> 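Let me give you the structure first, and then I'll get to my questions.
Just so it is clear: chains get the letters A, B, ... in the order the sequence lines come, proteins before strands, and each one is counted from 1. Computed from a predicted model, the values in this text were never measured in an experiment.
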Amino acid sequence: MAIDSAAAGRTLLDGHFGPYGGRFVPEALTAALDELDDAFQTAITDPAFALELQALERDYTGRPSPLTPAARFSEACGGARVYLKREDLNHTGSHKINNVLGQALLTKRMGKTRVIAETGAGQHGVAAATAAALMGLECTVYMGEEDTRRQALNVARMKLLGAEVIPVTIGSRTLKDAINEAMRDWVSSVERTHYLLGTVTGPSPFPTMVRYFHSVIGREAREQVLDATGRLPDAVAACVGGGSNAIGLFSGFMDDPGVQLRGYEAGGHGIETGRHASRFSTGAPGVLHGARTYVMQDEWGQTLPSHSISAGMDYPGVGPEHAWLHDTGRAVYEPVNDDEAMEAFAVLCRTEGIIPAIESAHALAGAMRLGRELGPDGLIVVNLSGRGDKDVETAARWFGIELGTAEGR
Amino acid sequence: MSRTLSEVFDDTRSHDRAALIGYLPAGFPDARRAVELITDMVAAGVDIVEVGLPYSDPLMDGPDIQAAVDQALTSGATPDVVLDTVAQVVAAGATALVMSYWNPIERYGTDRFADRMASAGGAGVITPDLTPEEAGAWISATDRAGLDRVFLVAPSSTDQRIETVAAVTSGFLYAASTMGVTGTRTQVSSAAPGLVRRARALTDLPIAVGLGVSTGDQASEVAAYADGVIVGSAFVRRILRAPDHESARAGVRELAAELAEGVRRHP
């Protein structure tokens, strides 16, 4: 059902994906979401906006990102041919830059002068601070106190880029609480502030808008894999935290029924331990952070804590479009445990000379499983959503490499 | 049986004063003491109570209510505890609403929650993050159960939006006085009178103003233009800062009395 926007006379985006999505927000935010919806719809029909965004993607981000054949890694995938979509080679080191540039341009079009963002590991926070610096916007990033300690380097990066980083000391002190705090800031500052949300969650129009800015991943990948192999892949694979890199890749293949869409969630210590972030294994439909989607929650609707070795996957909700793709069966979601992801991480390092983000390592582990199913005739595109520099300490600890000495194992 | 919202507002209007609406979360600091504190609030002059349903992600609430809700969740405040709290304060004569974020109600079962709330003698429910567009099932459930449903408008709401919200609201319209989260403020927002004036022209519902009221003087100021004055964080603060339960009870009674005097005073 479409809703008439009072402000513009324009019809708002529907914002639903089957029963999921929508808007569950304090009334104070309705006007701002309507304004954003209108600015977004106006921008995407404006050729000048497309040109401006494309120029930034080319000259600043470094797009198109390559599609790399991973011959040696393929051997670890049952011989199935694997191609890597190299979002790790983007400026700032992950796919996150695609979305922040688009939203920062919209911020300027709306005449706002400040952006706020939430961040878990710091990738989106760094991307947001980057876009803000580029476009002369003030930037405040909310980050769970625990994460500011674990990701001190990213905190320093954001500060170097001119952003203010506010440690969140309430609730579970993780990404979920950083989003709560960002929302509270936004309610109080909405007149001059845009909430630069980092993934395909949140109230409409965020899931639709963030998908749009990441759809460049899937568009490029489809063209590149056809060029390289002459055919469409059997499957495309991506990790799913909030799910923005996955939606970006999936969107390019949504209308190709022969292409399986595979999403990999964080299995953490294992589903049976309860210490995971696998919303589709144990979650139930509910409302979190403004949208109806699958949520890890107890019998009373209280949000449960999630767990993953990878901060970017450590979130109890998921983008509402993924909930719908899951229910309709168009996409298939499976958990990948911490140890399986770390094994794939190590394999990629040693077979391809690429250190992936641990988030992306979940998709690589998924490809290793899938490749064994498909066999040597199989063709898989994996979204390498980010580089692993930020995870070197975690990985070193995991593999028993001592930092600060040349004599590690 | 306790009075309905419209009976309370008819009464306060006939006495040419605003209604005083007080909020406290159920289960804070525990189920039994919360019932005592809420009952104290009513005895000292609060006309309508809002019983908060504690939720893990209260994104419209400031630090005081967050802290209270954390304690309540730790004390085991489930929706059943909330409904039991309502039943007990209603039995003591209060007109009681529940204030709840949407997910716990949906998880409990939309119809089931409405039915249990009606059985508990509750007058209605305030849902701060439920928009009219998403409220279809809730509207049917509350209509069937005979509960009032209170939605919010904010200073940023357009006139058309206020009409949309008012069309699905009953009991009273909740006007958020300021663009922000709950919490005490030294001044009540200057946006509140304008919002109430705009809403008046668009609806016959009583209009209650919340967010930021903490003193008798502020209550009196708001009572000059609104039909109801909503106070939450200031009560919560008294309890958070009290050294023991007896001082908390005394603090709540004292504040309720001060506010009750405020809504009766004509500035």
> Are side-chain N/O atoms of A:E27 and B:S157 paired as donor and acceptor at under 3.5 Å?
yes

> Would you say B:E134 and A:H16 are linked by a side-chain donor-acceptor pair, where the criterion is simply a distance under 3.5 Å?
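Side-chain D/A pair, A:H16 to B:E134: present.
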
> Considering only heavy atoms, which portion of A:T30 lies under 4.5 Å from any heavy atom of chain B: side chain, backbone, both, or neither?
side chain

> Return the CG to CG distance between A:D177 and B:D57, rounded to the nearest 0.5 Å.
6.5 Å

> Where on B:Y108 is there a heavy atom nearer than 4.5 Å to chain A: the side chain, the backbone, both, or neither?
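Side chain of B:Y108 only, per the 4.5 Å heavy-atom cut-off to chain A.
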
> More than 12 heavy atoms of other residues, nucleotides or ligands under 6.0 Å from CZ of A:R149: is that the case?
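Counting other residues, nucleotides and ligands, CZ of A:R149 exceeds 12 neighbours.
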
> With a 4.5 angstrom heavy-atom cut-off, could you sort out which part of B:L73 is near chain A: side chain, backbone, both or neither?
side chain

> Measure from the side-chain N and O atoms of B:S156 to the backbone N and O of A:A31, and report whether any donor-acceptor pair falls under 3.5 Å.
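Not at all, since once roles are kept as given, no pair shorter than 3.5 Å links the two residues.
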
> Pick out which of B:P79, B:P54, B:S56 makes a side-chain contact (heavy atoms from CB on, under 4.5 Å) with A:W300.
B:P79

> Among residues at least two apart in sequence or on other chains, which ones pass ring pair (Phe, Tyr, Trp, His ring centres under 6.0 Å) with A:Y212?
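Here the qualifying residues are A:F40.
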
> List the steps and the verdict of side-chain contact (heavy atoms from CB on, under 4.5 Å) for B:Y55 and A:T303.
CA-CA 8 Å; B:Y55 175 52; A:T303 312; 4.0 Å; yes

> Are there residues of residues 26-33 of chain B that reach to under 4.5 Å of chain A by heavy atoms, and which ones?
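Hits under 4.5 Å: none found.
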
> Looking at CH2 of A:W186 and CE of B:M179, how far apart are the two atoms once the value is rounded to the nearest 0.5 Å?
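The CE atom of B:M179 is 9.5 Å from CH2 of A:W186, to the nearest 0.5 Å.
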
> Please report the shortest heavy-atom distance between B:G180 and A:S188, naming the atom on each side.
CA-OG, 3.6 Å

> Could you tell me whether a side-chain N or O of B:N103 sits under 3.5 Å from a main-chain N or O of A:G301, the two making a donor and an acceptor?
yes

> Just jot down the ring pair (Phe, Tyr, Trp, His ring centres under 6.0 Å) partners of B:F172, sequence neighbours excluded, or say none.
B:F9

> Under 4.5 Å, heavy atom to heavy atom: which of residues 58-72 of chain B reach chain A? Give them by number, or say none.
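The list, in residue order, reads B:P58, B:L59, B:M60, B:D61, B:Q66.
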
> Please flag which part of A:D185 lies under 4.5 Å from any non-hydrogen atom of chain B: side chain, backbone, both or neither.
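Neither part; nothing is under 4.5 Å.
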
> A:E181 versus chain B, heavy atoms under 4.5 Å apart: side chain, backbone, both or neither?
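Interface part for A:E181: side chain.
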
> Give, for atom CH2 of B:W102 and atom CZ of A:R292, the distance between the pair rounded to the nearest 0.5 Å.
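So the gap between those two atoms works out to 8.0 Å.
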
> Do any N or O atoms from the side chain of B:T131 and from the backbone of A:R23 form a donor-acceptor pair under 3.5 angstrom?
yes

> Answer with side chain, backbone, both or neither: which region of B:P128 has an atom nearer than 4.5 Å to a non-hydrogen atom of chain A?
backbone

> Do other residues, nucleotides or ligands put more than 12 heavy atoms under 6.0 Å from the CZ atom of B:R241?
no

> Nearest 0.5 angstrom please: A:E299 CD to B:R107 CZ, how far?
8.0 Å

